[in-house]
**Q** 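Sharing a structure, written as structure tokens. Questions coming.
One is the number of the first residue; the rest follow in order along the sequence.
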Amino acid sequence: MSNSLQLQLKEYYQSLSTELPTTQSNPISPSPTPLSASSSLSSAVAADASGELGNISGNINYTGTAPQVIDPDLTITATSTNGLATLNGARVLIANFDASKDRLGIGGVTNGSESGVNWNYDQARGVLTLDSATGVSSDLYQDLLRRVTYANTDASNPGAARNIQFSLGNLLANPENQHFYEFVTNEGISWNDARTATNGLNYLGKQGYLATITTQAEQDFIQSRVSGNGWIGASDAVVEGDWRWVTGPEGLANNNTGTLFWRGNSTGAAIDGRYNNWDLQRGESNNSTDGGKPDGEDYAHIVGNANAGNIGKWNDLPNQQDYTNLAAYRPQGYIVEYGGLSTDSSPAVSASVTLNFTGTIGNAGTPAVGTTTTVPNFGGSADANGFNRPEILWRNYGNGSDSSGNVVWGINYDPANPSNPFSLNTDPRLTKPILPATDTNWEIEGLYDVDNNGITDIFWRNYNTGDNVVWFMTFDANTGIDVDLSSTTRTQNLRPVEDTNWEMEAVTNFGGSSGPQILWRNYRTGDIVIWAYNYDANVPGTAALTLDLSRSRTLAGNVPTDWFIEGWADFNNDAIPDILWRNYRTGENVIWKLNNTTTGNNPYFNDADGYVITPVADTQWEVADVIDFDADGVADILWRNYRTGENAIWGMQSGGDYDPAKTNPINTPAVTDTQWRLDGTADFTGDGVPDWVWRNYRTGENTIWEMIRDASNGNRYAFGAGSAIFRVEDVTWEIEGPSPSRDIV
């Protein structure tokens, strides 16, 4: 780096050791290899070792109308102490279901039976019920739950994202609080007897109590899923008109006097805005003494008969009375809630998945985590839809007059010009050199928006000295894109790594951090390390970005150096980037599925979470990029063959191999001149489809391909239009963004 820039950068971490950490806590086995898995699908290992229902993906995306498996890696961990060795039931429900559109099933079938387990989807309630007459192995339930599918009948308007809840046992778990509920039928039972009866009820270590309903979501869940109405845990028996929750956790509050939520009758008011659902339209609560009730009505009940009020609303009734002439008000039973008590000791038996609708390409969809952090957005104005077009970042690695120069190109897109939609933007704020220049030993190794201000920052490594730097970028309305070298700059030296066999492979967020993480690979020893950074926007200057050694860790050691890291993005839809490996000697390909833990020491890798995908024996096939082409939350793989000039896309399946339905060659038009390199992908049109950036390192030509989905060919990706943009004949200028790499041409 030039001396002028060195003088402007604060000395940072200079007093720290200059060796990469290799002895962080909880390292994995000392000599793993990428080939530790033997099948094309990963072995399921619970991401949370403490949970009995685990490895839930967290987020998935759905397109179209065909049934789609929700979580093929779900696990049930059965031990001698958690009571899950056998099960006689499980439930899957859609929290915000639409009865007209949603369908759950197993393998796409809504009703069926297998190995003694029956299942049925209740379309009116959005619940898939699995039951067996006797307890059967939890492995059987695990297999069935892994095959649970979701389908939506309206591809054009599927509605809002769905929350899909898995729970073990015969009861339903509320996604809002993970509590379980059931309706116990007992015609005419008194409130006191119902409360006493709950003391003898226990569900998987959770003590039962009359339900306390503290939110509208909880009310809706009980009303629509439990399908029963009766006593709940509220009373004003101590002070007339002071309605308190006197059961469950709320009943233990305030020295066991309960939680006051309403004062007065039907003209009363909520206390501190607490939830209530009185049938105010019918004048409830009213403490009626009609029918000879000397003590009035001191206990809460959910209305279950239209002749007694509005269904689902609350009413007050006496503890007991003669219902001969009041049949409409007769309690049908009581609602029991399980969960929330400090004395509960139970396995984790519920977990949820958020299902997003990606729609067609260019309309909704969220790209897989890790696939957008290598796309440069250095500022400028977003369009009316909030889209900020990516730029192209250049670096000169030659020895001529432009040596060490860095330039940003703004790109224009004109949809009205289908034959030549892209051109170079001549706005001097968007297309300009970035100063100061740096010597050619410095390589751009990462693009990541550290401070989350919408402007990409640049990570550098010097492969002569081992120094590392991050440039915080800024955009001025008058001068445009620049390195932030102000008095309050956060541009800084990072901790140096003098052993230049360590290569900076990725800058992304692997989870568990408020800042970026750097993935390092030593191509002499085979070691792999992640540095975790903390970023605090409230701290001024360079102190805002700090290396957290407590969370920096050795991910693996001694991986043979003929294995190359070729991508880092989420391949299993759990919002944690994974690692794609390719062996350019054997043609093998492997994915390491990374995980997070609640300890914060993230991410981590287990041998069991590495899985083999289809090998490509012709090692002239190179991974050109890893990006989510269809915005389904799962990263896909772009290939180029530098012997034949062929190109292909692998549309990947969550946690598995490529999907033939989303995999196709893209050789129209042909690019047989192998001097054309695919130098990155980014969405330059704002339609959600990644476009391709090409450079010819013989002629200096540069082209962007606008990519589309071809409706005539199963919506596969295809070439739409191409534009030759400004020619750069000096081939020592290399494209470093999108997708910076160590591949100096």
Side-chain angles (χ1 to χ4, degrees), residues 1 4-18 20-21 24 369-370 372-380 388 393 406 408 434-436 438 442 444-462 466-477 479-497 504 506-520 529-553 568 575 577 596 600-603 737 740:
M1 179 170 288
S4 61
L5 180 57
Q6 289 279 22
L7 292 175
Q8 296 178 77
L9 297 174
K10 289 189 175 181
E11 296 290 316
Y12 202 67
Y13 290 126
Q14 293 303 303
S15 62
L16 299 175
S17 167
T18 59
L20 204 65
Q24 301 305 316
V369 170
T372 58
T373 57
T374 58
V375 174
N377 282 290
F378 291 117
N388 194 346
L393 175 63
N406 309 295
V408 171
I434 301 177
L435 299 174
T438 58
W442 286 95
I444 295 173
E445 292 287 57
L447 299 174
Y448 187 89
D449 181 8
V450 179
D451 49 3
N452 199 32
N453 66 350
I455 303 174
T456 303
D457 305 308
I458 304 175
F459 284 73
W460 297 82
R461 175 149 172 75
N462 189 311
D467 291 325
N468 307 295
V469 165
V470 58
W471 279 4
F472 278 77
M473 304 299 289
T474 184
F475 186 88
D476 183 271
T479 61
I481 306 159
D482 278 305
V483 187
D484 185 358
L485 296 175
S486 65
S487 60
T488 59
T489 182
R490 287 166 174 164
T491 294
Q492 60 181 276
N493 290 337
L494 302 175
R495 179 175 174 171
V497 182
M504 192 183 293
V507 180
T508 187
N509 192 312
F510 288 98
S513 173
S514 61
Q517 290 161 303
I518 299 177
L519 175 66
W520 293 92
V529 166
I530 287 180
W531 279 5
Y533 280 85
N534 295 322
Y535 177 76
D536 188 342
N538 297 314
V539 177
T542 58
L545 182 67
T546 55
L547 177 62
D548 187 346
L549 288 175
S550 70
R551 293 188 299 107
S552 298
R553 60 180 300 163
W568 39 90
N596 278 348
N601 190 16
N602 299 316

**Q** Under the 3.5 angstrom rule, does the side chain of R461 hit a backbone N or O of G466 as a donor-acceptor pair?
**A**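 Judged by distance alone, yes, a pair lies under 3.5 Å.
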**Q** Hey, what do you get for CH2 (W460) to CE (M504), rounding to the nearest 0.5 Å?
**A**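 Spacing of CH2 (W460) from CE (M504) equals 11.5 Å.
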**Q** Between R495 and N468, is any pair of side-chain heavy atoms under 4.5 Å apart?
**A**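 No, every pair of side-chain atoms sits at 4.5 Å or beyond.
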**Q** Just wondering, do P516 and L545 contact through their side chains at under 4.5 Å, heavy atoms?
**A**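 Yes. Closest side-chain heavy atoms under 4.5 Å.
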**Q** Any chance you could measure Q492, atom CD, to T546, atom OG1, to the nearest 0.5 Å?
**A**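 Going from CD on Q492 over to OG1 on T546, the span is 9.0 Å.
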**Q** About how many Å separate CG of D449 and CG of N509, when rounded to the nearest 0.5 Å?
**A**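 The CG atom of N509 sits 12.0 Å away from the CG atom of D449.
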**Q** With I481 as reference, evaluate T474, V408, T456 under the side-chain contact (heavy atoms from CB on, under 4.5 Å) test and give the passing residue.
**A**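 Of the listed options, the one satisfying the test is V408.
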**Q** Any chance you could measure W568, atom CH2, to Q517, atom CD, to the nearest 0.5 Å?
**A**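 Output value for this atom pair is 14.5 Å.
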**Q** Find the distance between CD1 (I455) and CG (N388) and round it off to the nearest 0.5 Å.
**A**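 If I round to the nearest 0.5 Å, the distance is 9.0 Å.
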**Q** If I compare all heavy atoms of P577 with all of T508, which pair ends up nearest, and what's the gap?
**A**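 The pair with the smallest heavy-atom distance is CG-OG1, 4.1 Å.
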**Q** Working to the nearest 0.5 angstrom, can you tell me the gap between I434 CD1 and M473 CE?
**A**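 I434 CD1 to M473 CE: 4.0 Å, rounded to 0.5 Å.
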**Q** Can you tell me which residue among D484, T489, D482 is in a side chain to side chain donor-acceptor pair (under 3.5 Å) with S486?
**A**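 Result for side chain to side chain donor-acceptor pair (under 3.5 Å) with S486: D484.
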**Q** Does S552 reach the main-chain N or O of A532 with its side chain, forming a donor-acceptor pair under 3.5 Å?
**A**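 Present.
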**Q** Can you check whether Y533 reaches L494 side chain to side chain, under 4.5 Å on heavy atoms?
**A**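 Yes - at least one pair of side-chain heavy atoms lies under 4.5 Å apart.
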**Q** Please name the pair of heavy atoms, one in R490 and one in A544, separated by the smallest distance, quoted to 0.1 Å.
**A**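 Minimum heavy-atom separation between R490 and A544: NE-CB, 3.4 Å.
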**Q** Can you check side-chain contact (heavy atoms from CB on, under 4.5 Å) on D457 and D451, steps first, answer last?
**A** CA-CA 8 Å; D457 305 308; D451 49 3; 3.4 Å; yes
**Q** Are any of the side-chain heavy atoms of I458 and F378 separated by less than 4.5 Å?
**A**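 Yes, at least one pair of side-chain atoms sits under 4.5 Å.
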